[in-house]
Every structure is written in C-alpha cells, then in structure tokens.
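The residues of the chain are indexed from 1 along the displayed sequence.
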Amino acid sequence: MKYDWSILIEKFPIFLPAAFETLKITAAAIIVGLVIGLLTSMCRISKIKLIYYPATFYVNLVRGTPILLQLFIVYYGLTDIVNLSAYPSAIIAFGLHNGAYISEIFRGAIKSIDRGQFEAARSIGMSKFRAMYRIILPQALKRAVPPLGNQFIIATKDSSLASAVTVKELLLKSQQMGSSTFRFMEYFLIAGIYYFIMTSILGFFVHKLEKRLAVSDR
C-alpha cells in the first residue's frame, strides 16, 4: 500500500478535539504537579523527619517506577477503593508523577540560593515562613523556570500514555483512525505534527519568559 500524503491535509482538522483533550490533561497534570512539587520540596528541605522521610519516599518511589505502571495502578489497581474513570485517573497519575520531578526542581533551585540571605532575613526579625516566602522563593522560582519548561514539555509528550486507559487524546485518535483505514503512518504523522506544534509553542513561551526574567535581574 502506497502512502497517501493528502490524508495529512484532509484529516488534520478532525484531530483538533483530540489535541484539545491532550492539552487539558497536560495542563491539569502540570497544575497538580506544581502544587505537589512545591509542597514536597518544602518537606524535602525540612529538618522535621516526620515529613522529610515520607516526602523522600514518595519522590524515590515515583522516580523509580515507570509512569505507565503508575497510571495502571491508579486506573486498574484502586478499583476496590475508588472507581475512577479514565480521565481523572490520568490526571492523578500524571500529576503525582510530575509532582515528584517538579519537587526536585524546586528543591535544587531553593538550595542554590545563598543561605546567608535566609539568615540575614531572620536576623532582621522575619519569621522562617516570611523569609522563605519573601526572599528565597522568588529567586528560586526564577532559577527553576528552565528545568520547569523542560518538565512541561516532557509532560505534554507523556500525556500520550493516557491512550492506554482509553482517554481520547491524540495517540488514541491516530490509532483508531489507522485501524479503520489501515493507514497508520499517515495518522501517526498527524499526531506527531500536533505534538511538535504544542511542544514548540510551549518551548517558545518558556524561552521568552527566561529572557524576561534575565532582563529583570540586571
């Protein structure tokens, strides 16, 4: 069977709803991941063992197991506890996965700030929380932007795994279209173009943000 490249142009628009689903899953997973990541990073830099060790175990567990396995555990493995549909299962699994990696990004950024600034803030009467909130975190967030941008791009691509639990995103759409016409290459290429466009746009805005933050530091 010869490739029919006209399919790329003809069928490209019908993938828009699937692309929108991909964006929704990615955005939700990133938001959940940012919240979990920030809280976990605070626990990881804490000297309180009661919160340090559980946070460390969570990060190591997520980083040491495949994301697809984590998705299957949430979707198939928790049915005796809670019966989740595919969409929320994907958001929870991807949110937890991104949270572990984002926590390490935040932790590294916070650790990179000179501790003398924290001690100086404390010496003028600031509480630990206020010193962290007003002095350390704003600087750390700027340094975290480049690795966060990379993690967001990875999250966009990882969202394709949601097809394994029947979420109607780009990869599942291309599989279904390919199965019905036996033109897998053409439909996989359409999905690939969509992913490339989305990650390129995301990369562009992250780069612009990096440049703006660099200017504000001068």
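R183 contributes a side-chain N or O that, together with a main-chain N or O of K2, makes up a donor-acceptor pair within less than 3.5 Å. Here the side chain of E186 pairs a donor or acceptor atom with the backbone of D4 at under 3.5 angstrom. Using a distance-only test at 3.5 Å, with no hydrogens or angles considered, a donor-acceptor pair links the side chain of Y194 to the main chain of F12. Checked by atom type and distance alone, the side chain of S163 never pairs as donor or acceptor with a backbone atom of T166 at under 3.5 Å. Here the side chain of Q139 pairs no donor or acceptor atom with the backbone of K142 at under 3.5 angstrom. Side-chain N or O atoms of Y58 include one that pairs as donor or acceptor with a backbone N or O of A100 at under 3.5 Å. Looking only at distances, a side-chain donor or acceptor of S200 sits under 3.5 Å from a matching main-chain atom of F196.
With rounding to the nearest 0.5 Å, the separation of OG1 in T26 from CD1 in I31 is 11.0 Å. Remark: Y53 OH to N60 CG distance equals 12.0 Å, nearest 0.5 Å. Atom OG in S89 sits 11.5 Å away from atom CZ in F72 (nearest 0.5 Å). To the nearest 0.5 Å, atom CD1 of residue I105 and atom CD1 of residue I110 are 12.0 Å apart.
Put simply, the side chain of L141 does not reach to within 4.5 Å of the side chain of V145, judged on heavy atoms. With contacts defined as side-chain heavy-atom distances shorter than 4.5 Å, the pair I201/F204 does not qualify. Using a 4.5 Å heavy-atom cutoff, the side chains of C43 and Y52 are not in contact. By the 4.5 Å heavy-atom criterion applied to side chains, I102 and I36 are not counted as neighbours. In this structure, F188 and Q175 have side chains that are in contact, with non-hydrogen atoms separated by less than 4.5 Å. Residues L34 and L148 have side chains in contact (heavy-atom distance under 4.5 Å, counting atoms from C-beta outward). Contact check for M198 versus L170: side-chain heavy atoms found under the 4.5 Å cut-off. Between L8 and I193, some side-chain heavy-atom pair lies under the 4.5 Å cut-off.
The environment of L16 atom CG is dense: over 12 non-hydrogen atoms of other residues, nucleotides or ligands sit within 6.0 angstrom. Other residues, nucleotides and ligands place no more than 12 heavy atoms under 6.0 Å from the CZ atom of R134. Atom CZ of F184 sits in a crowded spot, with more than 12 heavy atoms from other residues, nucleotides or ligands closer than 6.0 Å. Heavy atoms from other residues, nucleotides or ligands lying under 6.0 Å from CE of M185 number 12 at most. Enclosure of atom NZ in K24 by more than 12 non-hydrogen atoms of other residues, nucleotides or ligands within 6.0 angstrom is indicated.
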For residues 90-98, please give each side-chain donor-acceptor pair under 3.5 Å, one per line with the distance, not counting sequence neighbours.
{"residue": "H97", "atom": "ND1", "partner": "Q70", "partner atom": "OE1", "Å": "2.9"}
{"residue": "N98", "atom": "OD1", "partner": "Q151", "partner atom": "NE2", "Å": "2.9"}
{"residue": "N98", "atom": "ND2", "partner": "F94", "partner atom": "O", "Å": "2.8"}

Next item on the list: Begin from the C-alpha positions of S103 and R44 and carry the test side chain to side chain donor-acceptor pair (under 3.5 Å) through to its verdict.
Entry: CA-CA 8 Å; S103 76; R44 292 265 285 155; 5.3 Å; no
Next item on the list: Give the C-alpha distance, both sets of side-chain angles, the deciding distance and a yes or no for side-chain contact (heavy atoms from CB on, under 4.5 Å) between T56 and V59.
Entry: CA-CA 5 Å; T56 301; V59 171; 5.9 Å; no
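Salt bridge R115/E119: present, at least one basic N to carboxylate O contact under 4.0 Å.
When all heavy atoms of E169 and A162 are compared, the closest pair comes out as CG-CB, 4.2 Å. Among all heavy-atom pairs drawn from Y76 and V165, the shortest one is CE1-CG1, 4.3 Å.
Follow the hydrophobic side-chain contacts under 4.5 Å out from I25 and you never reach L202; the two are in separate clusters.
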